[in-house]
Amino acid sequence: MKKDLISISDLSGADIGEIFRSVREIKHKTGKARSVDAAKGKTLAVLFEKPSLRTRVSFSVAWAQMGGHVVYLAPGDIGLGERESVPDVARNLSRWVDAIAVRTYAQKTVEQLAQHATVPVINGLTDDEHPCQTLADFLTIEELLGTTQGIKIAFFGDGFNVCHSLLLTAAKLGTNLWVAGPKDYWPKKNYIERAKKDSEKTKASITVTADADEAAEGADVIYTDVWYSMGHEKEASKRRPLFKKYQVNSKLLAKAKPNVMVLHPLPAHRGEEITDDVLDGPNSVVLHQVENRLHVQKAILYKMVCKQ
Ligand code: CP
């Protein structure tokens, strides 16, 4: 694996397979990654420009369970790029900590941190990607469906960070991904192109459409995310009517396979992108997804920081 995990593009399909195998060892308590000593004497900096429940807690608990120490740097604590330049923060942190998990607005900020840090940098969400989330998502699908290859995932809503990472991961793992949303909110062209290029090798199909029904038809997995992410809250009233027909509700679920799995990275805006009955219903596996953030990040940390 590379020094940093900034994008799903930093991983090969084989790397992802290795992470999933490591998670199985962690869950069945057969591998070293579960050891309370794996991170003994090591410190993880959790440096976040945006709020977080799942990412902050799952990284912190993962590292604590491996015997390591966490330093949390909240939005505004260090004035990343304001009080001090990003390269200077990276150089300083590298003298004290063994790895940095980071959440920023701009992808460029994480790239700069990684470029100037001598320790591993792990992307805990940017405006462009959310690789740890997507790895937990595909792990969840593999655990519950037995495979991620050749199945149909239909994503509904905003072609933003989570959707970008889904595109890249689906292409690497041979998963057929449909993205349905208003045309003005489709994923960035370069993510669609990169996914389509990778999918040629794995025979996955990547389809972006405005037709919600076509995307839902026969889907094995239905995935949605908020219609306006952190930083886009002011656009809520403009976006709601545009995204309405992409809401994940019982009518949309009826077009998919009867046992379709419903995923959401959370937090959810209940009643907007997903209805209560679906989020809390029998097809929803969102809490399995949530738990897998912990296991997958433990495996990533073990491989990138502990296993030398
Ligand atoms: N899914 C996710 O990353 O949740 P948080 O924003 O709470 O970390």
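Whatever order the structure lists them in is the order used to number ligands and atoms, beginning at 1.
Counting heavy atoms from C-beta outward, His164 and Arg194 have side chains that stay 4.5 Å or more apart. Within the 4.5 Å cutoff, the side chain of Trp63 has heavy atoms near those of the Cys306 side chain. In this structure the side chain of Leu11 reaches within 4.5 angstrom of the side chain of Met1, judged on heavy atoms. With contacts defined as side-chain heavy-atom distances shorter than 4.5 Å, the pair Ser165/Asn161 does not qualify.
Sorted by first then second residue, the salt bridge (Lys or Arg N to Asp or Glu O under 4.0 Å) pairs that include residues 66-88, not counting sequence neighbours, are Asp88-Arg91.
Within 4.0 Å of ligand 1, protein heavy atoms belong to Ser52, Leu53, Arg54, Thr55, Arg103, His130, Gln133, Pro265, Leu266, Arg293, listed by chain and number.
None of Glu233, Glu235, Lys234, Arg240 except one satisfies the side chain to side chain donor-acceptor pair (under 3.5 Å) rule with Tyr228; the exception is Arg240.
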